[in-house]
There are 2 protein chains.
Amino acid sequence: MDRRPGGEALLFLTDEQLRQGIEAMFFAYRGFTADPDRILAEMAYGRAHHRAIHFINRAPGTTVNNLLNILGVTKQSLNRVLRTLIADGLVESKVGRSDKRERHLFLTRSGRTLEQTLSDAQRARMRAAFRDAGPEAVAGFRTVLEAMMDPEMRASYTRLKDSGT
Amino acid sequence: MDRRPGGEALLFLTDEQLRQGIEAMFFAYRGFTADPDRILAEMAYGRAHHRAIHFINRAPGTTVNNLLNILGVTKQSLNRVLRTLIADGLVESKVGRSDKRERHLFLTRSGRTLEQTLSDAQRARMRAAFRDAGPEAVAGFRTVLEAMMDPEMRASYTRLKDSGT
DNA sequence: TTGGAATGTCAACAACACTGACTTAATATC
DNA sequence: GATATTAAGTCAGTGTTGTTGACATTCCAA
């Protein structure tokens, strides 16, 4: 079965294993978003609102442009989402002091409340999965995901990660 | 909170760790879909077409209903995609022999060609990530993803996985 | 000071998901 | 054999989220 140079078994790199990894990502991502999606559906919001709220909470005072880079969408697309969030009083937009072109984004009190509700739901599932899988599996999970990111995304991820500790 | 026999702290279950896991999923999924998305954008196709093609290739002769359950979308949504794929000669729909109500789906030759192109691109990234991370990390990756799925999705995943070996 | 770059907003359009109502054909059930 | 159910497909309408294009404002540097 495995005859690789050095007797090294590279069976985990077969097309079949890769395909299983691809399908695992597909099915798992559905579970990953399922719980927040249910909550969001009850309001007039979608996944894009969740993402905006998540990262504004994560980096309060971030500019629209910065958020754009993290989310990887066009500014027009983000703007539509931000507009409704601001109109609904979940997000506050403050004109920059040093550069008046920039808008700095913050969650309001009710914005933070919604963020809590959403991330509680998502964390509950992640926690259950982590607990079932155990610490070694979790470490592997993170390693593979990080290797799968585009370099710029990995940079954003690392920056956020390091700012949180 | 939870405490392991031996007083071991479950540091990998802190909110901070969970949040990092959530963000890792978000950024990694972007990378995961980036390469096929680029290819699909050149044609008039989107991610929905890719998913249909993937699972038809994976389980040739599958019925529309079965595909519906795997993809987790409505039949109207799937039908729109299927219609274009059949019209473009990438997918063939054959009336069932035992039950003539059913339609069994197959990729045509050009359908298989496109599937190859798309999955080659996606596998290339997955292979690089797997290689960088190593077999133990890959095992953990799969374990956590599986634990994150909804039970029905896990059933679909397992069924496909076992049929492939 | 003027032209270009950066930042953000508004409008229109496409992809893709959804619900609801319906038709057609084949199969199951009584 | 009449009736109900199932599988597939269609039509119409709606919502979210992505896209381009056009444009206003602000800042900075030649």
Side-chain angles (χ1 to χ4, degrees), chain A residues 26 29-30 33-34 36-56 61-88 91-106 118, chain B residues 26 29-30 33-34 36-54 56 61-88 91-106:
Chain A
F26 171 70
Y29 199 77
R30 287 255 294 282
T33 57
D37 280 357
R38 260 189 293 275
I39 296 168
L40 290 158
E42 292 171 10
M43 324 174 166
Y45 296 140
R47 220 173 271 179
H49 298 85
H50 182 194
R51 291 196 283 259
I53 287 174
H54 174 97
F55 286 108
I56 293 172
T62 185
T63 62
V64 173
N65 215 10
N66 184 36
L67 199 51
L68 238 42
N69 292 327
I70 288 175
L71 296 176
V73 295
T74 60
K75 59 182 174 175
Q76 294 89 331
S77 193
L78 174 59
N79 192 255
R80 182 172 356 88
V81 169
L82 282 179
R83 199 168 8 179
T84 69
L85 291 174
I86 291 169
D88 295 350
V91 168
E92 202 177 358
S93 167
K94 291 182 182 171
V95 173
R97 272 184 305 168
S98 61
D99 188 336
K100 288 175 190 163
R101 292 173 302 182
E102 296 180 338
R103 300 296 133 85
H104 298 276
L105 302 169
F106 302 87
L118 293 171
Chain B
F26 171 70
Y29 198 78
R30 286 257 294 283
T33 57
D37 280 357
R38 261 189 292 275
I39 296 169
L40 291 158
E42 292 171 10
M43 325 176 163
Y45 295 138
R47 220 174 271 179
H49 299 85
H50 182 193
R51 290 195 285 259
I53 287 173
H54 175 97
I56 292 173
T62 186
T63 62
V64 172
N65 220 0
N66 184 37
L67 197 53
L68 238 41
N69 292 328
I70 288 175
L71 295 176
V73 296
T74 59
K75 61 177 175 178
Q76 294 91 329
S77 197
L78 175 59
N79 195 255
R80 184 176 353 94
V81 168
L82 236 34
R83 201 165 8 179
T84 68
L85 290 175
I86 291 170
D88 294 351
V91 168
E92 202 177 358
S93 167
K94 290 182 182 170
V95 173
R97 271 185 309 165
S98 61
D99 188 334
K100 289 175 190 163
R101 291 172 303 181
E102 296 180 337
R103 299 296 135 84
H104 299 278
L105 302 170
F106 302 87

| Using a cut-off of 4.0 Å between protein heavy atoms and nucleotide atoms, how would you tag nucleotides 13-21 of chain C 5' to 3' with B, S and -? | ---BBSBBB
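When each of A:Val64, A:Thr63, A:Asn66 is checked for a side chain to side chain contact (heavy atoms under 4.5 Å, CB included) with A:Leu105, only A:Val64 meets the rule.
A donor atom on one side chain and an acceptor atom on the other are found under 3.5 Å apart for B:Thr84 and B:His49. Side-chain N/O atoms of A:Arg47 and A:Thr33 include a donor and acceptor closer than 3.5 Å.
Residue B:Leu71 contributes atom CG, which lies 13 Å from atom P of D:dA8 at whole-angstrom precision. The distance from atom CD1 of B:Ile86 to atom C1' of D:dG9 is 11 Å, rounded to the nearest whole Å. Rounded to whole angstrom, the span from the CG atom of B:Leu68 across to the P atom of D:dT10 amounts to 14 Å. For the pair B:Lys94 NZ and D:dA8 C1', the computed distance is 18 Å after rounding to whole Å.
Within residues 97-106 of chain B, the residues that place at least one heavy atom under 4.0 Å from DNA chain C are, in residue-number order, B:Ser98, B:Asp99, B:Lys100, B:Arg101.
A distance-only check finds a donor-acceptor pair linking the side chain of B:Arg30 to the backbone of A:Leu71 [under 3.5 Å].
For the atom pair CG (A:Asn65) and CZ (A:Arg103), the distance works out to 12.5 Å, reported to the nearest 0.5 Å. The CG atom of A:Leu78 lies 9.0 Å from the CG atom of A:Leu85; values are rounded to the nearest 0.5 Å.
Nearest-nucleotide positions on DNA chain D place A:Met43 closer to the 5' end than the other of A:Gly96 and A:Met43.
Phosphate contact (OP1/OP2 of C:dG8, side-chain N/O of A:Asn79, threshold under 4.0 Å): absent. For D:dT6, the OP1/OP2 oxygens have no side-chain nitrogen or oxygen of B:Asn65 closer than 4.0 Å.
Taking the centre of each ring, B:Phe26 and A:Phe55 come in below the 6.0 Å mark.
For residues 69-88 of chain A, there are no salt bridge (Lys or Arg N to Asp or Glu O under 4.0 Å) pairs, not counting sequence neighbours.
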